[in-house]
Amino acid sequence: MGTLSLLKCYTPFSSILFAHSARAANHAAVFRRKKLPSFRAISSSQPSTAEKNHDDGKSFRSKSHSPEVWLHNTMSKKKEVFKPKVESKVGMYVCGVTAYDLSHIGHARVYVNFDLLYRYLKHLGFEVCYVRNFTDVDDKIIARAKELGEDPISLSRRYCEEFCQDMVTLNCLPPTVEPKVSEHMPQIIDMIEKILNNGYAYDVDGDIYFNVEKFPEYGKLSNRGLEDNRAGERVAVDSRKKNPADFALWKSAKPGEPFWESPWGPGRPGWHIECSAMSSTYLGYTFDIHGGGIDLVFPHHENEIAQSCAACNKSDISVWMHNGFVTIDSVKMSKSLGNFFTIRQVVDVYHPLALRYFLMSAHYRSPMNYSNIHLESASDRIFYIYETLHECESFLNQHDQTVRRDSVPQDTLNIIDNFYDVFLTSMSDDLHTPVVLAGLSDPLKSINDLLHTRKGKKQQFRIESLAALKKSIGDVLTVVGLMPSSYYEVLQQLKKKALKRANLTEDQILQKIEERAAARIQKEYAKSDAVRKDLAVLGIALMDSPNGTTWRPTIPLALQEQQIDAR
């Protein structure tokens, strides 16, 4: 069957109403091939929390209505001012997962990072078309399916759904489009034909290889010369290739493997061609941002550039963005090395928002080391954030919250304006999220002072200050994806996770609190201190107040000491 016949019987994915799974509403959009798309941002009809809640409608952008956004470009090896090709519209493609297993936290880092960029660009008023693919046809999928005795397409479909659930768990917004390789064979075949017709590829017994020597700019992204390149495939080197660095565009069918008809015979696409074909289908050959993990710079993204330029010499992507590795003991986390934790394994014992906070706590281009102390620290920090906001919310619910900006004291306004300014400046400086998270400290401290200190309780316009501070923090948490649906509910969830890590029940803790209270009455202070310390070792802190003793999660004592030693 020829390409033309295939295309005649193919229903273009781009003409279908987008159905992202149960986690998102359907969004209709029509994209024309070979042209820039008509962008439509997810939830663009619904203003963000920041936009809905600000009475004056401008305080979030009081110092800079349109801040310059600087992004690090892997191609130029430097930060550049981001200027979209079409004013106020952004096309962004991020390489998705190969769906043959559950995703690990290295994957989580990639997609939380680009979710942050997506959210921030939307917050600045850009209409963003965010495309993130699924690789559902691949050697690894076929191998895993054979191992499990399952159909490869069925297996990959299942793991695509599992991945989507993980993204919901991490509070990532759904992309505008989530195309799959298996649904885009006509586009892939069409692109391979263009590359062949332009003289950049060759046929060896039904296998189509890209000829890297025909593309003089090969290596410009990774700064690798041809003599440095390896095969760039996920399988063994084929001796039939003209150059070891040549990579497969199409692989002829092998017994027992899924295949599709093509002008070169039955087969399936190579790994790299899929992203070139799908990005050009939805965003055109020229668009704004292409992203992924740093491990994709070579060979995947290098090969994408070669393919796309070979198919269309006007191909141009403005910014290539790559995040750093997640490491364990300074070794890259990966499935192939077997040193990984799945997202499911981590969120089984730590709250998903703690994992998201952890992933934001280092700059996205820096390597970050996974450890229990880092997850405990992230969990402890978000408990403090949500506890402060919950206490503030509870207080305000008991008081009149009719607030005008001009009734908020100037010192509170200064804290808020500085907080917003740090947020905008840091996010616009190549997504410097650690500074944004650190910037939460001042407004949170101000809330606690107003709620709990003698001086704060006497402050004029106390209620107005608390309402304004709570709202400013909520605005920023919303934009960075750390805003829970309920402060109280997430606090209860954090406590349950802490109990699980400590292997305790709440009844056991309450019994310990009673034992300690009895010891104090008997003036057995050594016993009382021992109860407190035993719980602290397990990550449970006892909090005494005039109303009695309560408990909260904390960093286990041994890890606290380890943290101090590390300093």
Side-chain angles (χ1 to χ4, degrees), residues 69-82 92 94-95 97 103-121 170-172 221-223 289-298 300-301 319-335 337 339-341 343 346 350 352-382 422-441 476 479-482 559 562-563 566-567:
V69 177
W70 290 75
L71 299 175
H72 186 273
N73 190 347
T74 306
M75 184 68 77
S76 66
K77 310 297 185 291
K78 63 182 181 181
K79 284 191 290 188
E80 300 171 350
V81 176
F82 173 64
M92 180 169 74
V94 176
C95 292
V97 294
S103 297
H104 57 64
I105 61 171
H107 296 124
R109 189 180 192 195
V110 178
Y111 304 115
V112 166
N113 167 57
F114 286 101
D115 179 67
L116 282 164
L117 179 59
Y118 181 37
R119 287 171 173 272
Y120 187 59
L121 291 173
L170 290 173
N171 205 25
C172 291
L221 181 69
S222 59
N223 285 342
I289 299 169
H290 196 316
I294 196 170
D295 55 321
L296 297 185
V297 173
F298 184 88
H300 188 52
H301 288 166
V319 181
W320 289 86
M321 293 181 67
H322 298 91
N323 63 273
F325 292 130
V326 176
T327 61
I328 295 181
D329 297 326
S330 301
V331 176
K332 175 201 168 189
M333 179 182 295
S334 72
K335 289 180 180 175
L337 295 175
N339 65 336
F340 67 93
F341 294 100
I343 295 169
V346 177
Y350 292 100
L353 289 174
L355 176 55
R356 186 178 177 102
Y357 186 100
F358 161 69
L359 294 169
M360 293 171 57
S361 65
H363 187 258
Y364 78 90
R365 287 192 290 113
S366 303
M368 67 185 311
N369 199 47
Y370 175 89
S371 68
N372 286 342
I373 183 61
H374 291 135
L375 265 296
E376 290 285 356
S377 296
S379 187
D380 188 64
R381 183 62 177 170
I382 64 167
V422 167
F423 167 75
L424 287 170
T425 301
S426 303
M427 288 295 288
S428 296
D429 182 18
D430 199 30
L431 303 184
H432 218 305
T433 52
V435 179
V436 174
L437 297 180
L440 290 164
S441 295
V476 169
V479 177
V480 300
L482 287 173
L559 291 178
Q562 177 184 325
Q563 196 175 37
R567 292 172 185 167

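What you are looking at is a predicted structure, and each value in this text was computed from that prediction instead of being measured.
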Between L116 and M360, what is the shortest heavy-atom contact and its length? CD1-CG, 3.7 Å

Are the side chain of T74 and the backbone of W320 linked by a donor-acceptor contact shorter than 3.5 Å? yes

Mind listing the closest non-hydrogen atom pair of N372 and Y350 along with its distance? O-OH, 3.8 Å

Separation between NE2 (H374) and CG (L355), nearest 0.5 Å, reads 13.5 Å

What are the two closest non-hydrogen atoms of N323 and G293, and how far apart are they? OD1-CA, 3.5 Å

Test item: V326 and H104 side chains (from C-beta on) under 4.5 Å apart, heavy atoms: no

Sidechain-backbone polar pair: H363 side chain, D430 backbone, donor-acceptor under 3.5 Å: yes

Here the gap from S428 atom OG to F423 atom CZ, rounded to the nearest 0.5 Å, amounts to 8.0 Å

Taking all non-hydrogen atoms of both residues, which atom of Y111 and which atom of V97 are closest, and how far apart? OH-N, 3.4 Å

If I take atom CG from residue L431 and atom CH2 from residue W70, how far apart are they, to the nearest 0.5 angstrom? 14.5 Å

For the student: nearest non-hydrogen atoms of S222 and F298, plus distance: OG-CD1, 3.7 Å

Pairwise side-chain contact, F340 with I328, heavy-atom cut-off 4.5 Å (strictly under): no

Quick one: does L117's side chain get under 4.5 Å of Y364's, heavy atoms only? no

Taking every heavy atom of H290 against every heavy atom of C95, the minimum-distance pair comes out as CE1-SG, 3.5 Å

Any E376 side-chain heavy atom under 4.5 Å of S371 side chain: no

Kindly indicate whether the side chain of S426, heavy atoms from C-beta on, has any atom under 4.5 Å from the side chain of T433. no

Under 3.5 Å: donor-acceptor pair, side chain of R356, backbone of A108: no

Between N73 (side chain) and K78 (backbone), is there a donor-acceptor pair under 3.5 Å? no

OG/S377 to CD1/I373 distance, rounded to the nearest 0.5 angstrom? 4.0 Å

Nearest-0.5 Å distance, CZ of residue R365 to CG of residue L71: 10.0 Å

Side chains of Y357 and L353: does their closest heavy-atom pair fall under 4.5 Å? no

Within a strict 4.5 Å, meaning less than it, do heavy atoms of the L221 and V297 side chains meet? yes

Using 0.5 Å steps for rounding, measure from the NE2 atom of H301 to the CE atom of M321. 12.0 Å

Side-chain touch L424/Y120, heavy atoms, less than 4.5 angstrom: yes

